[in-house]
Amino acid sequence: MLQLNYIRDNKENVLKRLAIKNFKDAEAVIDSVIEKDNLRKATQKQTDDTKAEANVLARQIGDLMKAGNREEAEAMKLKTAELKNNEKLLDEKLKVIEQEVHNLLVTVPNLPHLSVPAGNSPEENLVMLEEGVKPKLYDGAKPHWELTSKYDIIDFELGVKLTGAGFPVYKGKGARLQRALINFFLDKATASGYKEVQPPILVNQDSGYGTGQLPDKEGQMYYVAEDNLYLIPTAEVPITNIYRDVILKESDLPILNCGYTPCFRREAGSYGKDVRGLNRLHQFDKVEIVQIAHPQESYEILEQMLKHSADLLRDLELPFRVLKLCGGDMSFGSAMTYDLEVWSAAQQRWLEVSSVSNFETFQTNRLKCRYKDEKGKTQLAHSLNGSALALPRIVAALLENNQTENGIKIPKAVAAYCGFDMIN
RNA sequence: GGAGAAAUGGCAGAGCGGUCUAAUGCGGCAGUCUUGAAAACUGUUGUACCGUAAGGUACCGGGGGUUCGAAUCCCUCUUUCUCCGCCA
């Protein structure tokens, strides 16, 4: 959620940046936000004045009662009736207007950084870097969904029996590989200075709102109606919400957290080749890195986080590329996003395995995550997060790229964690 | 799941219908003293909104109610503690 005062003071700039994101009717929406807020201010003034008047009268009545002047006090009580009624009406009116302002404000996406390319579709993303050698596979090389059943390491059909499509069962070396990757990713994050946390994987409504999954992406989360809880779509939600309603010391920044969680996404929709096998799941594992940063440092930190995730791919010896997303392809709340994609040799396509974003104050404004600056003023911090990394597509690429006629080779960095260097 | 008790500022803790603009202590910050520090003393110390300012409004777990007036009374939800039951 954008800061209202910022919109008021920087309207031109806001419109310019919203244009990068292809936000429709930007000017009309911004104008109506400001207009509504003007109404809010006027109404609040009226409400406050009415309350102030009533407070004065109440105090006078109190004094009269104490002085034993009952009759005069009773006479004065009559005068307050109308005020009270007004107060109630104004309170209700104010509440409605505040809600309206809020409802408008949450429809406005974050402002992209000025360096973000304009554009609408994935084709307009900028390729910042491409690294590694795309492997040449032998004749008869298979896509990962065939390899997994050939070596009996991931069972999609069994998952369908237990739960449904998109909930695979990892078996034997497949299960061991998951555990190894999680440990590897967590150890690397810890080595980079991130403090590991193990958060709940169900969150309440407040947390959903805090990071912006609610209200707009409600349908993408699994929901437990009985207890009004949501299964997390990413560890970003519980980890970032740790800092909801928190005022930090400036010297605490930046805060680095990492955590492994399963992630749950409903993402009803497309079927077919693009979502086969591990390409898109309802439940998957991911290690997430999150930082709460000083506004002056957040873009430097974004680069560091990108490098952290890229280094993981280097360790895994996977060919990858880095995209800087164009305005139209970025998520609602992001000011700048880098995507990391690995090359899937059998599918002959790039698979997104990480998304690293700076949200600036868009999340922290809703979270009320602030710090005190050297003057003692409270300021909104910046929040950033990134996948480091999401497992399924990494596994897909590892299986496909490293397949040989004798089995699948496991890269050295992971073999140390697996206890084996070959799946056969 | 059952019975009882409780929820107040960074922390501890008083207040139980009318200067609560919330006592007091600890902690934090600034100053005095000191070569420096400690101790002692003095001052200061929540958040948000409205207002150029003076000032005003709201917030004592959340929501609602009673009253001219609520931290204080009532209802409700949540959480915590004690006891019982169940349990990895």
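Values in this document were obtained by computation on a predicted structure and should not be read as measured data. Every chain is numbered from 1 and lettered A, B, ... according to where its sequence line falls, protein lines coming before strand lines. All values below come from the heavy atoms of this structure, side chains included, with hydrogens, waters and symmetry mates left out.
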Rounded to whole Å, please give me the gap between CE in Met65(A) and C1' in C68(B). 8 Å
Under 3.5 Å for both donor-acceptor distances, Watson-Crick or wobble: does U72(B) have a partner, and if so which one? none
Qualifying salt bridge (Lys or Arg N to Asp or Glu O under 4.0 Å) pairs with a residue from residues 145-159 of chain A, counting only residues at least two apart or across chains: Asp152(A)-Lys171(A), Asp155(A)-Lys171(A)
Considering every strand shown, what is the Watson-Crick or G-U wobble mate of G31(B) when both distances are under 3.5 Å? C41(B)
Please state the P separation for the pair A71(B) and G17(B) - nearest whole angstrom. 13 Å
Would you say Lys188(A) has more than 12 foreign heavy atoms packed within less than 6.0 Å of its NZ? no
Tyr371(A) and His294(A) aromatic centres sub-6.0 Å: yes
Rounded off to whole Å, could you give me the CD1-to-P distance for the Ile97(A) and C50(B) pair? 14 Å
Atom P, compared across C83(B) and C20(B): separation rounded to whole Å: 40 Å
Identify the nucleotide, in any strand shown, that forms a Watson-Crick or G-U wobble pair with U57(B), with both distances under 3.5 Å; if there is none, say none. A48(B)
Rounded C1' spacing from U8(B) to G62(B) in Å: 15 Å
Within residues 359-372 of chain A, find the residues that approach RNA chain B with a heavy atom at under 4.0 Å, and present them sorted by residue number. Arg370(A), Lys372(A)
Determine whether more than 12 heavy atoms belonging to other residues, nucleotides or ligands lie under 6.0 Å from atom CD of Glu300(A). no
Would you say Glu124(A) has more than 12 foreign heavy atoms packed within less than 6.0 Å of its CD? yes
Under 3.5 Å, N/O pairs linking protein and nucleotides 56-67 of chain B:
residue : atom : partner  : partner atom : Å
G56(B)  : N2   : Asp48(A) : OD2          : 3.0
U57(B)  : OP1  : Asn55(A) : ND2          : 3.1
U57(B)  : O2'  : Asp48(A) : OD1          : 3.0
G64(B)  : OP1  : Lys95(A) : NZ           : 3.0

Any side-chain heavy-atom pair of Lys286(A) and Leu391(A) under 4.5 Å: no
Rounded to whole angstrom, note down the P distance from U67(B) over to U72(B). 16 Å
A23(B) to C60(B) separation - C1' atoms, rounded to the nearest Å: 14 Å
Heavy atoms under 4.0 Å, any strand shown: does Leu57(A) hit a base, just sugar-phosphate, or nothing? nothing
Out of C68(B), C50(B), A48(B), which has the shortest distance to the side chain of Ile61(A)? C68(B)
Less than 6.0 Å separating the ring centroids of His382(A) and Tyr299(A)? no
